[in-house]
Novice: 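Following this message is one structure expressed as structure tokens.
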Number of protein chains: 2
Amino acid sequence: MNHRPLTRPEQKARTRQTLLDAALALMEHRSLSSIGLREITRAAGITPAAFYRHFPDVDSLGVALVDQCLGSLRATIRTVRDGLSPSDEVISRSIDILARQVHDDRAHFRFIARERHGGVSAVRAAIAEQLDLFAADLAVDLAADKMVGGPRFDRWIVADLRMISNLIVNHMVWTAAALLDAPPDAPEAAARVIDAAGRQLRLILLGARQWPTEP
Amino acid sequence: MNHRPLTRPEQKARTRQTLLDAALALMEHRSLSSIGLREITRAAGITPAAFYRHFPDVDSLGVALVDQCLGSLRATIRTVRDGLSPSDEVISRSIDILARQVHDDRAHFRFIARERHGGVSAVRAAIAEQLDLFAADLAVDLAADKMVGGPRFDRWIVADLRMISNLIVNHMVWTAAALLDAPPDAPEAAARVIDAAGRQLRLILLGARQWPTEP
DNA sequence: CGATTCGGAGAACAGGTGTTTACTGAGTGA
DNA sequence: TCACTCAGTAAACACCTGTTCTCCGAATCG
């Protein structure tokens, strides 16, 4: 165990993280705008006034939380997808990976789903920005023709690529929300959601294969 | 003008509606769980104590709001869809109708989108229930083969019908939310959303046409 | 007409809220 | 080592919250 005294930036980063974690935990049953500054500091074990050393207000903490959640998730998904060989059964694997991520990080996904159209506009904007990055990533992957046996995405015009990647990203977000609505200790309910989501994704890609490509 | 004194149930129903409207108006920039009972009564012009004559708490008001919003919307959509002759261009017409509804009733749709995954579980459940009814309606229409030139929905198994109607309902909710995110006085932004949504719906139906039907 | 119902008013309750202020004391760079 | 930086403390500020109580007065009913 390393018990050396923490350097000052380390200590600051640590309590900042404690604040973020406390806020995330409080948001399991409520939304960001209904959580008070004092409530967060109480859960984090610091004084209300000390909050201002880290964030100007609760909304800014929310934005930071978005960047942390979706930033790390994007990195995770990137590495996972790079490891996917084109010979895999892409659809069911993708949904399974999503389900696993949601299961391992319920709080993060719940936060995103809850605040995506929630009451704090700065947080909404931050989420929309990150989801746009997800869609851009996905469009690149589609253009790279990773979906073996699928349509020839590389011949598509850019607008159509964005159209379908937005559709898929939205479907993923909705799937995550549906998984969260299912009770965590009911594997059969989650399994039904996963099965339906897989069929829906398959249907979407079936439609994409038939989508008229323009020269 | 009818200035006769209102009967007692009429008066009660009127202030109840005033409460619902006041709450809906307050939710333009914030979510339900962050709105206080006193705030609602202040906006409605009544005493805090009088609130309890209508609802036991704010959450129950939220549930009533869901029923009112989605109940009337369901009726509207039903009549609209019954009036659609199969010869119309169904897809673009559907999206246009949705866009018009959203434009005319921004507050209602914003409420639904915001609270669908929001912090009040009773409201979430009420919304999920109503959306399920929407999906059931849609499944019936699909089975009735109203989509001319489309796939033979009447030969599908029930599970697949639900799967695709859920997908379409979700797409509609997301489209409504996207329209709300676009500034109300920017017709070109809304037009882009409408165009993209139409193409996505077309792609989904294209996939449905190819979906393997089982005997 | 008289008795009763009941939506709403008004005041009081204990407790929570965000923000500012002056202060402490440990880590830090010259 | 010594002056300094700065994360965190403690207390006070004015204000807002949900809930309960008693009371009023007009619509209602026998």
Side-chain angles (χ1 to χ4, degrees), chain A residues 2-23 25-65 68 118-123, chain B residues 2-23 25-65 68 118-123:
Chain A
N2 193 355
H3 274 204
R4 73 173 166 86
L6 294 147
T7 169
R8 193 130 74 169
E10 280 175 348
Q11 176 61 27
K12 176 161 187 179
R14 168 175 291 207
T15 63
R16 184 189 141 105
Q17 190 57 46
T18 306
L19 283 170
L20 290 169
D21 292 344
L26 286 171
M27 277 186 258
E28 183 173 355
H29 300 294
R30 311 160 48 199
S31 53
L32 177 64
S33 53
S34 73
I35 293 182
L37 180 152
R38 288 181 109 106
E39 210 169 346
I40 297 174
T41 59
R42 200 181 307 132
I46 67 169
T47 288
F51 182 90
Y52 297 101
R53 303 283 184 205
H54 302 273
F55 306 100
D57 48 37
V58 181
D59 293 7
S60 305
L61 180 144
V63 174
L65 211 41
Q68 173 169 312
V120 186
S121 66
V123 172
Chain B
N2 193 353
H3 275 204
R4 73 173 167 84
L6 295 145
T7 169
R8 192 130 76 172
E10 279 175 347
Q11 176 60 27
K12 176 160 187 179
R14 168 174 291 206
T15 63
R16 184 189 140 105
Q17 190 56 47
T18 306
L19 283 171
L20 290 170
D21 292 344
L26 286 171
M27 277 187 256
E28 183 173 354
H29 299 293
R30 311 159 47 199
S31 53
L32 177 65
S33 53
S34 73
I35 293 180
L37 179 153
R38 289 183 108 105
E39 211 168 347
I40 297 174
T41 58
R42 201 180 307 133
I46 67 170
T47 288
F51 182 92
Y52 296 101
R53 303 285 185 200
H54 301 273
F55 305 100
D57 48 37
V58 182
D59 293 7
S60 305
L61 179 143
V63 174
L65 212 41
Q68 173 168 310
V120 186
S121 66
V123 172

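On a predicted model such as this, the values are computed, not experimentally measured, just so you know. A note on names: the letters A, B, ... follow the listed sequences, proteins ahead of strands, and every chain is numbered from 1.
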Novice: Between B/Asp57 (side chain) and B/Ser60 (backbone), is there a donor-acceptor pair under 3.5 Å?
Specialist: yes
Novice: Would you mind reading off the distance between B/Lys12 atom NZ and C/dG8 atom P, rounded to a whole angstrom?
Specialist: 8 Å
Novice: Rounded to whole angstroms, how far apart are CZ on B/Arg38 and C1' on C/dG16?
Specialist: 13 Å
Novice: Of the listed nucleotides (D/dT19, D/dA7, C/dG8), which one gets closest to any side-chain atom of B/Leu37?
Specialist: D/dT19
Novice: Separation of A/Gln17 atom CD from D/dA7 atom C1', in whole Å?
Specialist: 17 Å
Novice: Could you please name the option among C/dA9, D/dT5, C/dT5 that lies closest to any side-chain atom of B/Arg8?
Specialist: C/dT5
Novice: Choosing from C/dG18, D/dG18, C/dA9, which nucleotide comes nearest the side chain of B/Tyr52?
Specialist: D/dG18
Novice: Between D/dA10, D/dG25, C/dG8, spot the one nearest the side chain of B/Thr15, thanks.
Specialist: C/dG8
Novice: Measure CZ/B/Phe55 against P/C/dG8 and give the value in whole Å, please.
Specialist: 11 Å
Novice: Rounding to an integer number of Å, can you tell me how far A/Arg53 CZ sits from C/dT21 P?
Specialist: 12 Å
Novice: If you only use heavy atoms from C-beta on, which nucleotide in D/dT28, C/dG18, C/dG8 is closest to the side chain of B/Thr7?
Specialist: D/dT28
Novice: Starting from the 5' end of DNA chain C, give me the residue, A/Arg42 or A/Ala49, whose nearest nucleotide shows up first.
Specialist: A/Arg42
Novice: Which residues pass the side-chain hydrogen bond (donor to acceptor under 3.5 Å, both in side chains) test with B/Ser33, sequence neighbours left out?
Specialist: A/Ser31
Novice: Nearest nucleotide by nearest heavy atom, which residue falls closer to the 5' end of DNA chain D, B/Pro56 or B/Pro9?
Specialist: B/Pro56
Novice: Could you give me the CA-CA distance, side-chain angles and deciding distance for A/Leu65 and A/Val123, then say whether side-chain contact (heavy atoms from CB on, under 4.5 Å) is met?
Specialist: CA-CA 9 Å; A/Leu65 211 41; A/Val123 172; over 6 Å; no
Novice: May I have the distance from A/Glu10 (atom CD) to D/dA7 (atom C1'), rounded to whole angstrom?
Specialist: 15 Å
Novice: Tell me: CZ of A/Arg16 to C1' of D/dG8, nearest whole Å?
Specialist: 17 Å
Novice: Apply side-chain contact (heavy atoms from CB on, under 4.5 Å) to the pair A/Phe55 and A/Arg16, showing each step before the final yes or no.
Specialist: CA-CA 9 Å; A/Phe55 306 100; A/Arg16 184 189 141 105; 3.4 Å; yes
Novice: For residues A/Thr18 and A/Asp21, is any side-chain donor paired with an opposing acceptor at under 3.5 Å?
Specialist: no
Novice: Roughly, in whole Å, what's the span from CD in B/Gln11 to P in D/dT28?
Specialist: 10 Å
Novice: A/His54 has a side chain; which of D/dG8, C/dG8, D/dG18 sits nearest to it?
Specialist: D/dG8
